[in-house]
Novice: 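Pasting a structure below so you can have a look.
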Amino acid sequence: MEKEEVSVKTCLFPVAGLGTRFLPATKEIPKEMLPVLDKPVIAYGVEEAVSSGCKKMIFVTSKGKNSILDYFDRNLELERELERRGKKDLVEEIKRISEGIECASVRQSQPLGLGHAVLMGEPFCDEPFFGVILPDDIMVSSEGSRPVLRQLVDVCEVRKASVVALMEVPPSETNRYGIVEIDQTIGDGLFSIKGMVEKPSPEEAPSNFAIMGRYVLSSRIFEHIRKCAPGAGGEYQLTDAIRSLLEEEPVYGLVFSGKRYDCGTKEAWLRTNVALALRDEALRSIVLEEVKKVEENCK
């Protein structure tokens, strides 16, 4: 008997972190609302989810994060004022932010880890599979490629199983990521996964394929998160739950096509702004001009 067709219409965004690395800027502003060029960090992830076929965006938040949900709501007063000023292009641009999507939020009352944050989204995930995007990672697809989450969804639709995004990292960096143990190489960057380890040392790492901030997960993951004991700091690790899920159903890893830009620290956020500005034809000359001025002043 064939498995029924699957689709991924819901995407979870764990955004409950305090953003302490960005203080004092994040004292009142969620780090997910910090701008990268002309839009907030969170907007890149939501646009990717929408382009991947998701219609329902669920934000797992904490106190002081209301502006995230507000951003994806209509602002009729602003729209009327822009129309009064004849700025019709801007009106259409801000309307598109909330067009065709349904947004909701749920509070993660305690900082108990990524696994716990995903568990908070369970009441909203009423289909066999759902997406998870960690907005600290901005993913820019290779030219002509599908969005990264869509690449995972396509694998899920064929394999009827969970899929995680993978990137090969230097052995010296395995202690920064969840690292997968490969069971079988299927081809075109696709692997079946045997196991995974959270932040192993280079000597203990089963491979140098790291899990990046994109997942398509079976709804069975919620039961496995509940079964897992909390780890260091009392946090529930998503990697532990996925490893448990492997005992009853397959999980795949896909080396995605595209570029990952990290926004998790001030330094990485700054690099991402510069890198994306250099990719923008209108902004590239400004960045290069300013760099040239600095170099000339240093001579």
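Predicted model only: the values in this text are computed from it and were never measured.
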Novice: Kindly compute the distance separating CG (L18) from NZ (K63), expressed to the nearest 0.5 Å.
Specialist: 11.0 Å

Novice: Once the angle between the rings of F72 and F59 is folded into 0 to 90°, is it parallel (under 30°), tilted (30 to 60°) or perpendicular (over 60°)?
Specialist: parallel

Novice: Using every non-hydrogen atom in the two residues, find where A104 and F124 come nearest and quote the distance to one decimal.
Specialist: CB-CE2, 3.8 Å

Novice: I'd like to know if the side chain of S105 pairs up with that of T61 as donor and acceptor (distance under 3.5 Å, no hydrogens or angles considered).
Specialist: no

Novice: Could you go step by step and tell me if E290 and K293 meet the salt bridge (Lys or Arg N to Asp or Glu O under 4.0 Å) rule?
Specialist: CA-CA 5 Å; E290 289 303 310; K293 286 180 182 177; 3.4 Å; yes

Novice: At what distance, to the nearest 0.5 angstrom, does CD1 of I94 lie from OH of Y71?
Specialist: 9.5 Å

Novice: Does S52 use its side chain to pair, donor to acceptor, with the backbone of R150 at less than 3.5 Å?
Specialist: yes

Novice: Should E127 and K56 count as an ion pair when the cut-off is N to O under 4.0 Å?
Specialist: no

Novice: Work out which heavy atom in R214 is nearest to a heavy atom in D137; give both atom names and the distance.
Specialist: NH2-O, 2.7 Å

Novice: Are E81 and R84 within salt-bridge range, i.e. N to O under 4.0 Å?
Specialist: yes

Novice: Rounded to the nearest 0.5 Å, what separation is found between the CZ atom of F209 and the CG atom of L254?
Specialist: 11.0 Å

Novice: Donor-acceptor pair, E83 side chain versus V91 backbone, under 3.5 Å?
Specialist: no

Novice: Any carboxylate oxygen within less than 4.0 angstrom of a Lys/Arg side-chain nitrogen, looking at R226 and E223?
Specialist: yes

Novice: Got a second to check how far I138's CD1 is from N273's CG, nearest 0.5 Å?
Specialist: 8.0 Å

Novice: Applying salt bridge (charged side-chain N to carboxylate O under 4.0 Å, His left out), which residue pairs with at least one partner in residues 264-275 are found, sequence neighbours left out?
Specialist: none

Novice: Where the side chain of E48 meets the backbone of L149, is there a donor-acceptor pair that is under 3.5 Å apart?
Specialist: yes

